Amino acid sequence: MKKIAIFASGEGSNFKAIYEKIICGNIPAEIPIVISNNPNCGAIFFAKENAISTLIINKSRYPDSDSQDIILEETLLKAKVNLICLAGYMKMLPKNIVANFANQILNIHPALLPAFGGKGFYGMKVHESIIQSKVAISGATVHFVDNQYDHGPIVAQEEVAIEKDDTANSLAKKVLTIEHSIYPEVVKAFCENRIIWVDNQPKIEVVIEN
Ligand code: GRF
């Protein structure tokens, strides 16, 4: 049974999608902790409603950024976390966490990376840029996390067609629906030890059941 720490700053719909798959027995994992910079976000409310421990880490609680990094590391080690899932987390992870959890941190991004990713491409800004650029296809990407925004090795991507009448809002909704299926799929593969590394690239091993 893997232990997953969720990091989220917003609504938490990706967290909820993963949690539901855990509860119904589809993903062999538990969520010992949900971490956020925002005490009043949907993800934290949902964690509390479901009796999941939470940690709020921000400047007003821990003014010194070194102590933030230490508390974060201590909390993850104490909870014996095997996997960190960034699910709409609006902060850069500190370097000590990225180093300690190499190939154990996943992120979901609402575009087909490497396009429309990196610093400044967050939230609705991603979808607004995509609509403005008039590309025909968008989608979602699940990737491992390194020290750069939206940069680490890609595990899975799924496309969505952009229609003429799509707006940033309608595109965000379409992409979110895809996110809710591909993120749990990748998390499931990780928890079942089905992510294998070939030439430094992660691949999902597909199990064919008779
Ligand atoms: C998602 O679009 C995700 O791709 C991005 O932030 C958004 C989070 O949404 N990183 P939610 O909080 O999971 O609903």
Side-chain angles (χ1 to χ4, degrees), residues 4-23 27 29 31 33-50 52 54-58 83-93 97-98 105-133 135 137-162 166-188 190:
I4 304 173
I6 302 279
F7 282 63
S9 306
E11 184 49 38
S13 68
N14 281 287
F15 157 38
K16 291 171 197 169
I18 293 166
Y19 178 77
E20 274 158 23
K21 294 285 183 184
I22 290 175
I23 288 301
I27 299 178
I31 298 176
I33 186 96
V34 174
I35 296 172
S36 184
N37 56 315
N38 178 3
N40 299 311
C41 67
I44 289 296
F45 295 148
F46 185 79
K48 288 186 172 163
E49 277 162 22
N50 289 280
I52 301 171
T54 58
L55 172 70
I56 304 300
I57 202 129
N58 58 26
L83 173 66
I84 292 172
C85 288
L86 306 187
Y89 187 57
M90 301 303 260
K91 305 292 266 185
M92 187 81 157
L93 277 186
I97 303 299
V98 177
I105 310 174
L106 291 168
N107 181 41
I108 182 128
H109 185 75
L112 296 174
L113 291 175
F116 302 102
K119 201 165 166 50
F121 283 108
Y122 60 88
M124 288 305 289
K125 287 181 196 285
V126 178
H127 303 295
E128 282 158 8
S129 305
I130 290 170
I131 293 291
Q132 273 165 21
S133 71
V135 290
I137 291 170
S138 187
T141 303
V142 180
H143 66 96
F144 281 100
V145 168
D146 61 14
N147 279 314
Q148 293 178 50
Y149 281 113
D150 306 323
H151 181 263
I154 291 171
V155 194
Q157 289 187 307
E158 194 171 324
E159 293 180 354
V160 62
I162 302 175
D166 265 325
T167 60
N169 272 321
S170 67
L171 179 60
K173 279 190 192 142
K174 282 186 190 176
V175 172
L176 206 52
T177 306
I178 288 174
E179 293 183 39
H180 296 163
S181 69
I182 72 163
Y183 208 4
E185 277 303 318
V186 173
V187 171
K188 179 177 167 66
F190 183 97

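All ligand and atom numbering here is 1-based and tracks the order in the structure. Note that the structure is a prediction, hence the values are computed from the model and not measured.
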Mind checking whether Gly12 has an N or O less than 3.5 Å away from an N or O of ligand 1? yes

Those residues at least two apart in sequence (or on a different chain) that pass salt bridge (Lys or Arg N to Asp or Glu O under 4.0 Å) with Glu128 are none

Using a 4.0 Å heavy-atom cut-off, which part of Glu179 comes near ligand 1: side chain, backbone, both, or neither? side chain

Write out the residue and atom name of the closest protein heavy atom to atom 6 (O) of ligand 1, then the distance separating them to 0.1 Å. Gly88 CA, 3.4 Å

Taking 4.0 angstrom as the limit and counting only heavy atoms of Ser13, give me the atoms of ligand 1 inside it, by number and element. 11 (P), 12 (O), 13 (O), 14 (O)

Give a yes or no on whether the ring-centroid distance for Phe46 and Tyr19 is below 6.0 angstrom. yes

Looking only at protein heavy atoms, identify the closest one to atom 9 (O) of ligand 1 and say how far it is in Å. Asn14 ND2, 3.9 Å

Without placing hydrogens or testing angles, list every side-chain donor-acceptor pair under 3.5 Å for residues 109-119, not counting sequence neighbours.
{"from": "His109", "atom 1": "ND1", "to": "Asp150", "atom 2": "OD1", "distance (Å)": "3.4"}
{"from": "His109", "atom 1": "NE2", "to": "Phe116", "atom 2": "O", "distance (Å)": "2.7"}

Determine whether the side chains of Ser9 and Asn38 contain a donor N or O and an acceptor N or O closer than 3.5 Å. no

Polar proximity ligand 1 side, Ile108 side, N/O cut 3.5 Å exclusive: yes

Side chain of Thr167, backbone of Ser170: donor and acceptor closer than 3.5 Å? yes

